[in-house]
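Sequence positions, counted from 1, serve as the residue numbers for this chain. Note that this is a predicted model, so its numbers are computed, not measured.
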Amino acid sequence: MSTSSATSKSPAATPAPDSPARSRSMARKVAGASFVGTALESYDFYVFGTAAALILNRIFFPDVDPVIGVLLSFLSLGIGFIARPVGAILFGHIGDRIGRKRSLIWTIVLMGTATGVIGLLPDYNTIGLWAPALLVTLRLLQGLAVGGEWGGAILIATEHAEPRKRALYAAIPQIGSPVGTIMVTGTFLALTQVSQETMEAGLWRVPFLLAFPFMAIALYLRFAIEETPVFKDVAEHQALPRVPVLEVLSTQRLPVLIAAAASLLGIGSYFLMTTYTQAYGTAQLGLSSDTVLYAALVGSVLQLATIPAFGWLATKIGSARMVAAGAAATLLISFPLYWVISTADQTTYILAILLGGIAPTAAWAALGGLMADLFPARTGFTALSLAYSFAGILAGFTPAVTQAFATATDSAWWHPGVVLALMSLVTIAGAVAAARMTRRNTEAARREPVGA
């Protein structure tokens, strides 16, 4: 190319399709789309958790004792996690065989539709037992969608990123979780300004119905991104797996188990410290719904800064080490945190949730990078999704298990601390094992002859 043509304003002056500048631009665009899509999908999934803590028991389980009603609401929350491995297999197959982008489009359609339809459901007083049955069915569909969403969002972000920035780009979709919480909390804070009768009369449907316009936004962004260069390379070399799940289960069982263990705190701490603790704060401590919602809101706003900060730090010390450090710090504060909460007034409760959420956030921020380092690109979508889904099954029942533990211990102040400490120990073990496995994989790759 001549100098004149290179400096002109003609199309030849724009970056080539595979130029570094265009690759960096697309990486940022994909990261942004992954973040927005994950935020909207997190909203859809978390809106159920907040509603389960605050109102669903009165809408769908009105004929039982209030404590049992809350427990049933939490169980319906946990049901969504059972469908996650099925979603991981289904959308992982699409993601590893057809493309990451195609799979992520289908996950957002399924999630948005299921969440929106919950807002259209008749209540128990209208159709009886069909109401909770349909609620559980739609929750299962939500779980199916999330089973493929998280792994795909992490993968599409990291596969577009420069190697030295993978940990940071893996943290960007994680910001979608607090943003989803902010959206949910803000919505419910607005709704709690009306009377309980108005809420139960139908206003509770609004947060669910918002899923329909949110789905349209996410679809627009996901249609605009490109397939990852990593997947294109695998496809061009005809290295696509025939049945990804069978390959993962036959050759990557240990890495999946390790990744699931490392995921437990990052997922479970949300449902313990937000969903369960919200119900605990209102039912046992006598705090108002506004107080527990404000605490979740403020904590989520803080995560907008701490997640990218921990993601950046993970690029320096390694994702697995960052997860282990976050889990170790959480272990240290587990019991002091819930002792403070058990004696808290409004201000102290908000501060406890705010400060107590920092350590688990470190484990959450670096989780995507840890997983992306563990699995080969050939089956990465399925492997990441399965590991995250298996951890999600345990984490999703955290509120129900903790509620049952509270009943057994007469709501002793330390009962949530036991659950948080156990999740921290499991995550530490998983992160340490992941660091060792990643190091061995890296050393093996270096020793492999060029062209092998």
Q: Would you check if the side chain of Thr382 reaches a backbone N or O of Gly92 as a donor-acceptor pair within less than 3.5 Å?
A: yes
Q.
Side chains of Thr38 and Tyr43, heavy atoms from C-beta outward: is any pair under 4.5 Å?
A. no
Q: For Arg100, enumerate each residue passing the salt bridge (Lys or Arg N to Asp or Glu O under 4.0 Å) test, keeping only those at least two apart in sequence or located in another chain.
A: Asp96, Glu159
Q: Report yes if the side chains of Leu155 and Thr228 come closer than 4.5 Å at any heavy-atom pair, otherwise no.
A: no
Q | Criterion side chain to side chain contact (heavy atoms under 4.5 Å, CB included) on Leu313 and Met322, from CA distance to verdict | A | CA-CA 8 Å; Leu313 186 57; Met322 192 72 258; 3.6 Å; yes
Q. Do the side chain of Ser411 and the main chain of Thr407 share a donor and acceptor less than 3.5 angstrom apart?
A. no
Q: Kindly compute the distance separating CG (Leu394) from CG (Leu422), expressed to the nearest 0.5 Å.
A: 11.5 Å
Q) Do side-chain atoms of Lys29 reach the backbone of Ile225 as a donor and acceptor pair under 3.5 angstrom? A) no
Q) Tell me, which pairs form a salt bridge (charged side-chain N to carboxylate O under 4.0 Å, His left out) where one or both residues lie in residues 366-377, sequence neighbours left out? A) Arg166-Asp373
**Q.** Point-to-point distance, once rounded to the nearest 0.5 Å, from OG1 of Thr187 to CD1 of Ile182
**A.** 11.5 Å
Q) Heavy-atom count around Tyr220 OH within 6.0 Å, excluding the residue itself: above 12? A) no
Q. Under the side chain to side chain donor-acceptor pair (under 3.5 Å) rule, what pairs show up with a residue in residues 347-369, not counting sequence neighbours?
A. Gln303-Thr361, Asp345-Thr348
**Q.** Listed partners of Ala412 passing side-chain contact (heavy atoms from CB on, under 4.5 Å), at least two apart
**A.** Thr409, Trp414
Q) Yes or no on side chain to side chain contact (heavy atoms under 4.5 Å, CB included) for Phe214 and Met183, after CA distance, side-chain angles and deciding distance? A) CA-CA 11 Å; Phe214 290 165; Met183 293 165 64; 3.4 Å; yes
**Q.** OG on Ser34 to CD1 on Ile154, rounded to 0.5 Å
**A.** 8.0 Å
Q: Considering non-hydrogen atoms only, spot the tightest contact between Ile175 and Pro308 and give its length.
A: CD1-CD, 4.0 Å
Q | Interatomic spacing from CD1 in Ile267 to CZ in Phe390 - rounded to 0.5 Å | A | 12.0 Å
Q) With sequence neighbours excluded, what pairs up with His415 under the ring-ring contact (aromatic ring centres under 6.0 Å, His included) test? A) Tyr276, Tyr280
**Q.** Over all atoms of both residues, closest heavy-atom pair of Pro255 and Leu374
**A.** O-CD1, 3.9 Å
Q. What heavy-atom pair brings Ala157 and Pro173 nearest, and what distance separates the two atoms?
A. CB-CG, 4.0 Å
Q. What pair of heavy atoms forms the shortest contact from Ala359 to Ile333, and how long is it?
A. CB-CD1, 4.4 Å
Q.
Has Ser103 got a side-chain atom pairing as donor or acceptor with Gly99's backbone, closer than 3.5 angstrom?
A. no
Q) Counting distance only, does the side-chain N/O of Thr427 pair as donor-acceptor with the main-chain N or O of Leu265 below 3.5 Å? A) yes
Q. Tell me, do Pro207 and Phe188 make a side-chain contact under 4.5 Å, heavy atoms counted?
A. yes
Q) Hey, does Val419 have a side-chain heavy atom less than 4.5 Å from the side chain of Tyr338? A) no
Q | Of all pairs that satisfy side chain to side chain donor-acceptor pair (under 3.5 Å), the ones with a partner from residues 319-331, not counting sequence neighbours | A | none
Q. Does CZ in Arg205 sit with more than 12 non-hydrogen atoms of other residues, nucleotides or ligands closer than 6.0 Å?
A. yes
(Q) A quick test of your reading: do over 12 heavy atoms of other residues, nucleotides or ligands sit less than 6.0 Å from CH2 of Trp204? (A) yes
Q: Name all residues meeting the side-chain contact (heavy atoms from CB on, under 4.5 Å) criterion together with Ile358; count only those two or more places apart in sequence or in a different chain, and write none if there are none.
A: Leu302, Phe310, Leu355
Q | From Met371 atom CE to Leu386 atom CG, the distance as rounded to the nearest 0.5 Å | A | 10.0 Å
Q | Ser389 (side chain) donor-acceptor with Arg84 (main chain) under 3.5 angstrom | A | yes
Residues 110-117 side chain polar contacts: donor-acceptor under 3.5 Å, at least two apart:
unit_1, atom_1, unit_2, atom_2, d
Thr113, OG1, Val109, O, 2.8
Thr115, OG1, Met111, O, 2.9
Thr115, OG1, Gln142, NE2, 2.8

Q: Quick one: list whatever passes side-chain hydrogen bond (donor to acceptor under 3.5 Å, both in side chains) with Gln346, sequence neighbours left out.
A: none
Q | Taking every non-hydrogen atom, the tightest pair across Ile307 and Ala365 | A | O-CB, 3.6 Å
(Q) How close do Leu104 and Arg222 get, counting heavy atoms only, and between which atoms? (A) O-NH1, 2.9 Å
Q) Quick one: are Leu285 and Ile341 in side-chain contact, heavy atoms under 4.5 Å? A) yes
Q.
Which residues pass the side-chain contact (heavy atoms from CB on, under 4.5 Å) test with Arg436, not counting sequence neighbours?
A. Val432, Arg439, Arg440
**Q.** Worked check of side chain to side chain contact (heavy atoms under 4.5 Å, CB included) between Phe35 and Val179
**A.** CA-CA 9 Å; Phe35 153 67; Val179 169; 3.6 Å; yes
Q: Sequence neighbours left out, what passes side-chain contact (heavy atoms from CB on, under 4.5 Å) with Thr315? Give chain and number order.
A: Ala167, Leu168, Trp312
Q.
Set out, in order, the CA-CA distance, both residues' side-chain angles and the distance that settles side chain to side chain contact (heavy atoms under 4.5 Å, CB included) for Lys165 and Thr158, then state yes or no.
A. CA-CA 8 Å; Lys165 295 183 178 180; Thr158 56; over 6 Å; no
Q.
Looking at Gln252 and Ala383, would you say the former's side chain and the latter's main chain have a donor-acceptor pair under 3.5 Å?
A. no
Q. Rounded to the nearest 0.5 Å, how far does CZ of Phe405 lie from OG1 of Thr402?
A. 8.5 Å
Q. With a 4.5 Å heavy-atom cut-off, do Leu141 and Leu138 have their side chains touching?
A. yes
Q. Less than 4.5 Å apart, any side-chain heavy atom of Leu337 and any of Ser334?
A. no
Do any side-chain atoms of residues 290-297 form donor-acceptor pairs under 3.5 angstrom with protein atoms, and if so which ones, sequence neighbours left out?
unit_1, atom_1, unit_2, atom_2, d
Asp290, OD1, Thr192, OG1, 2.8
Thr291, OG1, Ser288, OG, 3.0

Q) Looking only at atom types and distance, does a side-chain atom of Gln174 sit under 3.5 Å from a main-chain N or O of Ala170, one as donor and one as acceptor? A) no
**Q.** pair Leu272-Pro399: side-chain heavy atoms closer than 4.5 Å
**A.** no
**Q.** Criterion side chain to side chain donor-acceptor pair (under 3.5 Å) on Asp123 and Thr126, from CA distance to verdict
**A.** CA-CA 5 Å; Asp123 60 20; Thr126 303; 2.8 Å; yes
